[in-house]
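Since the structure is predicted, the reported quantities are computational estimates derived from the model, not experimental observations.
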Amino acid sequence: MLVLVCAAFCCLGYFISVKFLYDRLKRRDVFRPLPRDRVQGFLSVSSQSPEGGIPPAVDAVRALFVTAHPDDECMFFAPSVLKLVESKASVYLLCLSSGNFYKQGAQRRQELLDSCAVLGIPANRVTIVENKELPDDPKAEWSTALTSSLIFKHIRTCSINLVLTFDEGGVSGHANHIAIYKALRHLASVGRIPEGCRVLTLHTISILRKYLSILELPISWLLPSSFCCVIGRDEYKRAKEAMLRHRSQLLWFRRLYILFSRYMFINTFRAVAVETKHVKIY
C-alpha cells in the first residue's frame, strides 16, 4: 500500500512539473542557446525584450534547415521552425531529395511546399534537390563529398548563419538523415563552415522518450542542450496541419506519430564544433 501511495505521489509530482514547465516555456518562448562567447551574432538571449519574448537580435538569424525527404521538416523540426519563424528569423529549407522511393516524387514536392506554407517558410526559400546520386532509399549511401558541396553552396548563396539538421543517429536511424550529419560534420571539421555560422543537430532520443509526447518535457529540460524549443497548443495545431499536408504519407502509424511523438512539441539541439579557417561569404 505504501508503495502505491509513493508511486501515486511521484506520478502526481511529475505531471505537475510537466504542467509548470510547459506553461512557463510556451509563455516565454524560451530558447536555451550556446554561451554568449560561442554564439556571437547568432542568438543573444541573455536579456529578454520588455514583453518577455524573443530578443530583437534573433531577427538577424538566417536559418537553414537541411532535411533528406519531404515531411522531415514538420515530422521532426516543426517546433524549431515555428519558433524561428515567429521570432522573425529568415528561415530556409534545403531538402536533398523529392522522396521518390515509391515513385511519388512530383506529388511529394508539392506536399512539401504546402507544408512549408503552413509552417511559414515561403516557397522561394525552399529548395528541393533532384539528383540520381541522392536517392530516397534507406539502403543508399549518399556521397559525403556531393552532399557537403550542395549544403556548402546553399550556405554561401543564402548567407546562412545558422544550420539545423539531424545528428549522428538521424532521429529515426534513416541512412539518408545520417548522411546529412556526416556531410556537415565534414564541413565543420575541415573549416568549410563560414565564420559566424553555427551548426546545430537535433537530438536522437530513445524510443520510450520519443513517444511520451509532451510528458517528455521535464527530461529534455533537465538534460544539457545547446538550443531548446517548446511549442504551445496553437503552434502544435499548425505543426499537425503541416503534417496533414503530406497526404501521400498519412499511413496509420504516422497518424499515431502526430499524437504521441515528442518531436511534435519539443526540439533540443546540440552544437557541432566548427574549425574556423575564416571562410567568408561574398
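- Considering CD1 of Ile205 and CD1 of Ile219, their distance stands at 8.0 Å, rounded to 0.5 Å.
- Within the 3.5 Å criterion, the main-chain N or O of Ser90 finds no donor-acceptor partner in the side chain of Arg62.
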From CA spacing to verdict: side-chain hydrogen bond (donor to acceptor under 3.5 Å, both in side chains), Thr67, Asp72: CA-CA 6 Å; Thr67 62; Asp72 289 347; 4.6 Å; no
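- The two atoms that bring Ala140 and Ala175 nearest to each other are O-CB, 4.1 Å, heavy atoms only.
- In this structure a side-chain-to-backbone donor-acceptor pair under 3.5 Å is present from Thr157 to Lys153.
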Lys182 vs His186, side-chain contact (heavy atoms from CB on, under 4.5 Å): CA-CA, chis, key distance, verdict: CA-CA 6 Å; Lys182 289 179 178 178; His186 169 72; over 6 Å; no
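- Leu259 and Leu208 fall into different hydrophobic clusters, where Ile, Leu, Val, Met, Phe, Trp and Tyr are joined by side-chain heavy atoms under 4.5 Å apart, directly or via other members.
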CA sep, side-chain torsions, deciding dist, call: Val274, Arg198, side-chain contact (heavy atoms from CB on, under 4.5 Å): CA-CA 8 Å; Val274 175; Arg198 298 293 179 256; 5.7 Å; no
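- Looking at Trp142 and Pro135, their side chains come closer than 4.5 Å, going by heavy atoms from C-beta outward.
- Between Phe166 and Phe76, the ring center distance clears the sub-6.0 Å criterion.
- Partners of Asp114 under the salt bridge (Lys or Arg N to Asp or Glu O under 4.0 Å) rule, at least two apart in sequence or in another chain, do not exist in this structure.
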side-chain contact (heavy atoms from CB on, under 4.5 Å) between Glu73 and Cys95, worked out: CA-CA 9 Å; Glu73 79 292 340; Cys95 184; over 6 Å; no
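- In this structure, a donor-acceptor pair under 3.5 Å is absent between the side chains of Thr201 and Asp167.
- Across all their heavy atoms, Leu119 and Ala239 have their closest contact at CD2-CA, 4.5 Å.
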Which atom pairs, one a donor and one an acceptor, fall under 3.5 Å between side chains of residues 249-258 and the rest of the protein, sequence neighbours left out?
| unit_1 | atom_1 | unit_2 | atom_2 | d |
| --- | --- | --- | --- | --- |
| Arg254 | NH1 | Gln249 | O | 3.2 |
| Tyr257 | OH | Met75 | O | 2.6 |
| Tyr257 | OH | Ser261 | OG | 3.2 |

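- Checked against the 6.0 Å centroid threshold, Phe260 and Tyr211 do not count as a close aromatic pair.
- Salt-bridge check for Arg245 with Asp71: failed, with every basic side-chain N at 4.0 Å or more from each acidic carboxylate O.
- In this view, Ser143 and Ala145, Leu146 satisfy the side chain to side chain contact (heavy atoms under 4.5 Å, CB included) rule, not counting sequence neighbours.
- Side-chain contact check for Cys74 versus His246: some heavy-atom pair is nearer than 4.5 Å.
- Using a 4.5 Å heavy-atom threshold, the side chains of Leu93 and Leu64 count as separate.
- For residues 93-106, every residue pair satisfying the side chain to side chain donor-acceptor pair (under 3.5 Å) rule, not counting sequence neighbours, is listed here: Ser98-Glu130.
- Residues Leu150 and Ile160 fall within the same hydrophobic cluster, defined by Ile, Leu, Val, Met, Phe, Trp and Tyr side chains chained together at heavy-atom separations under 4.5 Å.
- The existence of a salt bridge linking Lys237 and Glu241 is excluded, since no basic side-chain nitrogen approaches an acidic carboxylate oxygen closer than 4.0 Å.
- To the nearest 0.5 Å, atom CG of residue Asn124 and atom OG1 of residue Thr127 are 9.5 Å apart.
- When every heavy atom of Ile155 is checked against every heavy atom of Cys197, the shortest pair comes out as CG2-SG, 4.4 Å.
- A salt bridge does not link Arg185 to Glu168: none of the charged nitrogens lies less than 4.0 Å from a carboxylate oxygen.
- Checking side-chain atoms of Asn161 against main-chain N and O of Val61 turns up no donor-acceptor pair under 3.5 Å.
- The minimum heavy-atom distance linking Val126 with Cys116 is given by the pair CG2-SG, 3.8 Å.
- With contacts defined as side-chain heavy-atom distances shorter than 4.5 Å, the pair Phe269/Cys228 does not qualify.
- Using a distance-only test at 3.5 Å, with no hydrogens or angles considered, no donor-acceptor pair links the side chain of Asn176 to the main chain of Ala68.
- In plain terms, the two heavy atoms of Leu200 and Ala271 that are nearest each other are CD2-CA, 3.7 Å.
- Looking only at distances, no side-chain donor or acceptor of Thr147 sits under 3.5 Å from a matching main-chain atom of Thr144.
- Other residues, nucleotides and ligands place more than 12 heavy atoms under 6.0 Å from the NZ atom of Lys210.
- Between Ile266 and Glu216, the closest side-chain pair of non-hydrogen atoms falls below 4.5 Å.
- Taking all atoms of both residues into account, the shortest heavy-atom contact from Ser80 to Asn267 is OG-OD1, 2.7 Å.
- The hydrophobic cluster containing Phe101 does not contain Leu112, counting ILVMFWY residues as joined when their side-chain heavy atoms lie under 4.5 angstrom apart, directly or transitively.
- Grouping the Ile, Leu, Val, Met, Phe, Trp and Tyr side chains by contacts below 4.5 angstrom, directly or via other members, places Met243 with Tyr236.
- Under the 4.5 Å side-chain criterion, counting only non-hydrogen atoms from C-beta, Glu133 is not in contact with Glu141.
- For Tyr92, the ring-ring contact (aromatic ring centres under 6.0 Å, His included) test picks out no residue, with sequence neighbours left out.
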side-chain contact (heavy atoms from CB on, under 4.5 Å) between Arg108 and Ser248, worked out: CA-CA 7 Å; Arg108 296 196 68 186; Ser248 66; 3.7 Å; yes
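- For the atom pair CD1 of Ile231 and CD1 of Ile214, the computed distance is 8.0 Å after rounding to the nearest 0.5 Å.
- Leu184 places a side-chain heavy atom less than 4.5 Å from the side chain of Ile151.
- The distance from the CZ atom of Arg247 to the CD atom of Gln110 is 12.0 Å, given to the nearest 0.5 Å.
- Side-chain contact between Ser213 and Phe265: present, with at least one pair of heavy atoms (C-beta onward) separated by less than 4.5 Å.
- Looking only at atom types and distance, the side chain of Arg262 has a donor-acceptor partner in the side chain of Thr268 under 3.5 Å away.
- To the nearest 0.5 Å, atoms OH (Tyr263) and CZ (Arg209) are separated by 7.5 Å.
- A donor-acceptor pair under 3.5 Å is formed between the side chain of Thr165 and the backbone N or O of Val66.
- Hydrophobic clustering of Ile, Leu, Val, Met, Phe, Trp and Tyr side chains at less than 4.5 Å, counting indirect connections, keeps Ile178 apart from Leu187.
- A search for ring-ring contact (aromatic ring centres under 6.0 Å, His included) contacts involving His174 returns His69, His177, not counting sequence neighbours.
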